[in-house]
Amino acid sequence: MSADTGLRSRFSGWFKPAGEKPVDILPVRVGGNEYRQTPSSATNIFGADQVLIWLVVAILSWGIVMVFSASIAMPDNPRFGKIAHYYFFQRHLLSVGLGFVAAVLTFQIPMRVWEHWAPWLFIVSILLLIAVLIPHVGTVVNGARRWLSLGIMNFQPSELAKVAVIMYAADYMVRKMDVKERFFRAVLPMGLAVGIVGALLLAEPDMGAFMVIAVIAMGILFLGGVNARMFFLIALVLVAAFALIVMTSEWRRERIFAYLDPWSEKHALGKGYQLSHSLIAIGRGEIFGVGLGGSVEKLHWLPEAHTDFLLAVIGEELGLVGIIALLGLFFFMIRRIVEIGRQAIRMDRIFSGLVAQGIAIWLGFQTFINAGVNLGALPTKGLTLPLMSFGGSAILMNLVAIAIVLRIDCENKAMGAGGARS
């Protein structure tokens, strides 16, 4: 074939009718070449995005240090019995180790396999959410039934549900791309699926996880090209649903009132106790902090200092500078994940692109909520700081999600190097 003939065939392909091949099927797509399937050669983790890898390593390492600092005095509390001072630190190291092994194994799985099994992964997550509600199966901690005991660790099915919803929503949008402008055919089935997950999470109860999953689903629907009017309608419905949940639950209403006035006599020793001591910790840190290990609030004043309120300990020990530096690391990590997703979409790898950006939405929104709660900008909500807070299943699934993003990046690079059509 001559060069002129090749150019003519390429240009004629650009002007084919819409029914043969969509030119721009996502609002985030900016054009690009056409690509074949991912080459069958092995994908090497050393070819993945090095900036993302080192950002994750930095956040994980910082988290290990801060969990050790925040939990070192906890065995002195009679509530925890006679456990060693290094107990939580060792458990956190174990969780990171298991997460690393799971991430390496996850990295070996091609994205086409995830796409094929996405609906089944979603069903498995629902079954686990049901199992955790069964007496003598689910483990109760602080009045909430959210964990399944696996011996070496307690596993929280809601963390798996976040990954499952990302996979299912991305696969759903790829399958429903031709009817994305029709509300009942494109949005309603996905809404019912999220509603089922939400009902199970509220039964635990775990409203924080439900909020994250709802935002993930909304974000993927928007990126998948759902009409903006439909998107805002969905947002209004969700806001109304969350408002109704809060209004019909007395203890949730008390949390809102405590958030509005945590220093009042009524709330300072009740629902506003965590928030008030979190603000005291951050206030003590001022600009540069009191020094690593010098926190006073972690000495049995601030509950859950090693989990939900780890950022408050960082603020006390490392000050405003430490908080800004940490949030900067999260910002650049999420930005890299978004860019990897955009690269996949430019290559017409719609499922992979939506999965990567769904993971960015998950990690970004959960970081935003956790930081907002610790800083008193949002009502108290039990969500951990991704990749940092103590919690086995959270760290495990965070690292699995990062491994999926690295796999997407490697497949992007493999296709860009050897899969483009000439």
Side-chain angles (χ1 to χ4, degrees), residues 53-104 139 141-142 146-156 159 274 277-278 281-282 284-285 289-319 322-323 325-326 329-330 333 363 366-367 370-371 373-374 382-402:
I53 290 175
W54 285 110
L55 285 169
V56 171
V57 169
I59 294 172
L60 271 177
S61 302
W62 196 344
I64 290 171
V65 172
M66 294 313 303
V67 166
F68 178 51
S69 176
S71 64
I72 188 67
M74 290 182 67
D76 295 334
N77 190 329
R79 171 188 168 194
F80 296 100
K82 297 179 179 179
I83 60 176
H85 285 277
Y86 298 101
Y87 174 81
F88 291 100
F89 174 65
Q90 292 171 340
R91 298 288 296 180
H92 190 69
L93 282 180
L94 174 64
S95 299
V96 172
L98 291 174
F100 176 76
V101 172
V104 171
T139 301
V141 179
N142 294 331
R146 302 176 185 173
W147 293 267
L148 294 172
S149 179
L150 301 181
I152 60 173
M153 66 181 293
N154 287 333
F155 182 74
Q156 197 168 357
E159 296 296 331
Q274 282 180 303
H277 279 277
S278 176
I282 292 171
R284 285 193 74 246
V290 298
L292 184 63
S295 169
V296 171
E297 285 297 320
K298 70 184 181 184
L299 304 177
H300 317 310
W301 292 103
L302 176 62
E304 308 300 335
H306 62 312
T307 56
D308 300 343
F309 284 87
L310 186 67
L311 189 66
V313 177
I314 294 173
E316 186 177 4
E317 296 189 348
L318 303 178
I323 291 178
L326 179 61
L329 287 177
F330 274 106
M333 180 187 73
L363 298 179
Q366 189 159 324
T367 301
N370 182 272
V373 167
N374 278 259
L383 283 173
T384 58
L385 188 61
L387 295 169
M388 292 195 73
S389 294
F390 178 84
S393 51
I395 290 287
L396 175 69
M397 297 313 301
N398 289 163
L399 289 174
V400 164
I402 294 297

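The basis for the numbers below is simple: all heavy atoms, side chains too, and nothing from hydrogens, waters or symmetry mates. The shown structure was predicted, so the numbers you read here are calculated from the model rather than taken from an experiment.
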Flag the pair [X] / [Y] as yes when at least one side-chain heavy-atom distance between them is below 4.5 Å, and no otherwise.
X: E297; Y: V313; answer: no
X: F68; Y: I72; answer: yes
X: L292; Y: V65; answer: yes

Quick one: [atom1] on [X] to [atom2] on [Y], what's the gap to the nearest 0.5 Å?
X: L326; Y: M66; atom1: CG; atom2: CE; result: 9.5 Å
X: L98; Y: M153; atom1: CG; atom2: CE; result: 6.5 Å
X: S149; Y: F155; atom1: OG; atom2: CZ; result: 12.5 Å
X: I402; Y: I59; atom1: CD1; atom2: CD1; result: 8.0 Å
X: T139; Y: L148; atom1: OG1; atom2: CG; result: 7.0 Å

Practice item. Could you check whether the rings of F88 and H306 sit parallel, tilted or perpendicular, using 30° and 60° as the cut-offs? Key: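 Taking H306 first and then F88, their aromatic rings stand perpendicular (interplane angle over 60°).
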
Closest non-hydrogen atom pair between [X] and [Y], with its separation:
X: A305; Y: A70; value: O-CB, 3.7 Å
X: N370; Y: L383; value: ND2-O, 2.7 Å
X: R284; Y: G294; value: NH1-O, 4.3 Å
X: A312; Y: N374; value: N-OD1, 3.1 Å

**Study point:** Basic-acidic side-chain contact under 4.0 Å: K298, E317
**Key:**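 Looking at K298 and E317, the cut-off is met.
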
Exercise for review: Apply side chain to side chain contact (heavy atoms under 4.5 Å, CB included) to the pair V373 and L311, showing each step before the final yes or no.
Suggested key: CA-CA 10 Å; V373 167; L311 189 66; over 6 Å; no

Review point. Distance-only, no hydrogens or angles: does the S278 side chain make a donor-acceptor pair with backbone N or O of Q274 under 3.5 Å?
Key: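 The answer is no, because no donor-acceptor pair under 3.5 Å joins these two groups.
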
Practice item. Indicate yes or no for a side-chain donor-acceptor contact from Q366 to the backbone of P386 under 3.5 Å, with no hydrogens or angles considered. Key: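 Pair absent, no side-chain N/O of Q366 close to backbone of P386.
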
Output side-chain donor-acceptor pairs under 3.5 Å for residues 89-96, partner residues at least two apart or in another chain, one line each.
from : atom 1 : to   : atom 2 : distance (Å)
R91  : NH1    : I152 : O      : 3.2
R91  : NH2    : I152 : O      : 2.7
S95  : OG     : R91  : O      : 3.0

Please tabulate, for side-chain N and O atoms in residues 388-401, each donor-acceptor pair with protein atoms closer than 3.5 Å (sequence neighbours left out).
from : atom 1 : to   : atom 2 : distance (Å)
S389 : OG     : T307 : O      : 2.7
S389 : OG     : L385 : N      : 2.9
S393 : OG     : Q156 : N      : 3.2
N398 : OD1    : L387 : N      : 3.0
N398 : ND2    : A394 : O      : 3.4

Exercise for review: Mind running side chain to side chain contact (heavy atoms under 4.5 Å, CB included) on L318 and W62 for me, showing each step along the way?
Suggested key: CA-CA 12 Å; L318 303 178; W62 196 344; 3.5 Å; yes

